[in-house]
Amino acid sequence: MDLGLKGKWALVGGASKGLGFGCAQSLAREGVNVVIVARGAEALDAAASELRKLGTTILTVAADITTPAGREAIWSVAGGPGQNFDIVVTNAGGPPPGDFRNWERDDWIKAVDANMLTPIELIKATVDGMAARGFGRIVNITSSAVKAPIDILGLSNGARTGLTGFVAGVARTQKLAGNNVTINNLLPGKFDTDRLATTHKAAAEKTGKSVNDIRGVQQAQIPAGRFGNPQEFGDTCAFLCSAQASYITGQNILTDGGAYAGTF
Ligand code: NAP
């Protein structure tokens, strides 16, 4: 299926590896030019070299997307205050796990800044230009924890649910939905990325079990019997960005191999 995206411009946050890279890769494969963002320049350049093999224009911005200065750097590369993107995939690292009793105001502000206010700032800077041009796709990478909260991920549960509520309202405005601008959230379950590897390593150190044992136990709890891979996540993202997906907006799409056990 041709997704109707050739020649469009996308911004993908947190894209030097993991889920963000998967999204950038699937979009580039569909002929989309992509601006990729991450803090570490070396990994970002390596990711860009890989993506350029797919034949589209790939620009890099080595910056912290959760800061105003980082976002200014993105807009300057894009040739204006965010008005030139057809597609925006919002993504950055998730907040650390912990016990809410130990979190101070600053911990909360940091999580809300990164996982709620940054996507909102990116949406604010881009959707009106998209609406004026009659095409726009925003995909926010959130987490399955929005639907099935995990106690130690309280910072993530809280901040991302705030974003989800905001999106539920703004996506349904006529100015956006009526001008072919959609906003959806993509909720990963467990995906095989560096982030997951880091949590497995920490669990192995804490429990004395091997990383392989921990992976095995976790995969057995997923009906699909495996972790997801960033490529299939990226392909779902590309479909949500497609011309064909113009009637899907304000949704929370779970990609978790069946791990979430609810009917809705
Ligand atoms: P990952 O493999 O660790 O990759 C994260 C990417 O984001 C890297 O390119 C990283 O590069 C970049 N990044 C992090 N903080 C950034 C910032 N402030 N500004 C710009 N770039 C930033 O993580 P992932 O597994 O792909 O996870 C992506 C998102 O999905 C996270 O929010 C995570 O919490 C969420 N999630 C993941 C899973 C999973 O199973 N993998 C499950 C649920 C939710 P630099 O460090 O160089 O900046």
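We count ligands from 1, going down the list as the structure has it; atoms in each ligand are counted the same way. All of these numbers come straight from a predicted model, not from anything done at the bench. As a basis for the values below, the full set of heavy atoms in this structure was taken, side chains included, without hydrogen atoms, waters or symmetry mates.
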Sequence neighbours left out, what passes salt bridge (Lys or Arg N to Asp or Glu O under 4.0 Å) with Lys175? Give chain and number order.
-> Asp128
Output the set of protein residues with a heavy-atom contact under 4.0 Å to ligand 1, ordered first by chain identifier and then by residue number.
-> Gly14, Ala15, Ser16, Lys17, Gly18, Leu19, Ala38, Arg39, Gly40, Ala63, Asp64, Ile65, Thr66, Asn91, Ala92, Gly93, Gly94, Ile141, Thr142, Ser143, Arg160, Pro188, Gly189, Lys190, Phe191, Thr193, Asp194, Arg195
Quick one: which of Val61, Val37, Ile36 gives a side-chain contact (heavy atoms from CB on, under 4.5 Å) with Leu44?
-> Ile36
Gap between atom CZ of Arg29 and atom CG of Asp235 - 0.5 Å precision = 6.5 Å
Please name all residues satisfying ring-ring contact (aromatic ring centres under 6.0 Å, His included) with Phe233, sequence neighbours left out, ordered by chain then number.
-> Phe191
ring-ring contact (aromatic ring centres under 6.0 Å, His included) involving Phe227 - partner list, sequence neighbours excluded | His200
Give a yes or no on whether a salt bridge exists between Asp192 and Arg226, defined as a side-chain N under 4.0 angstrom from a carboxylate O.
-> no
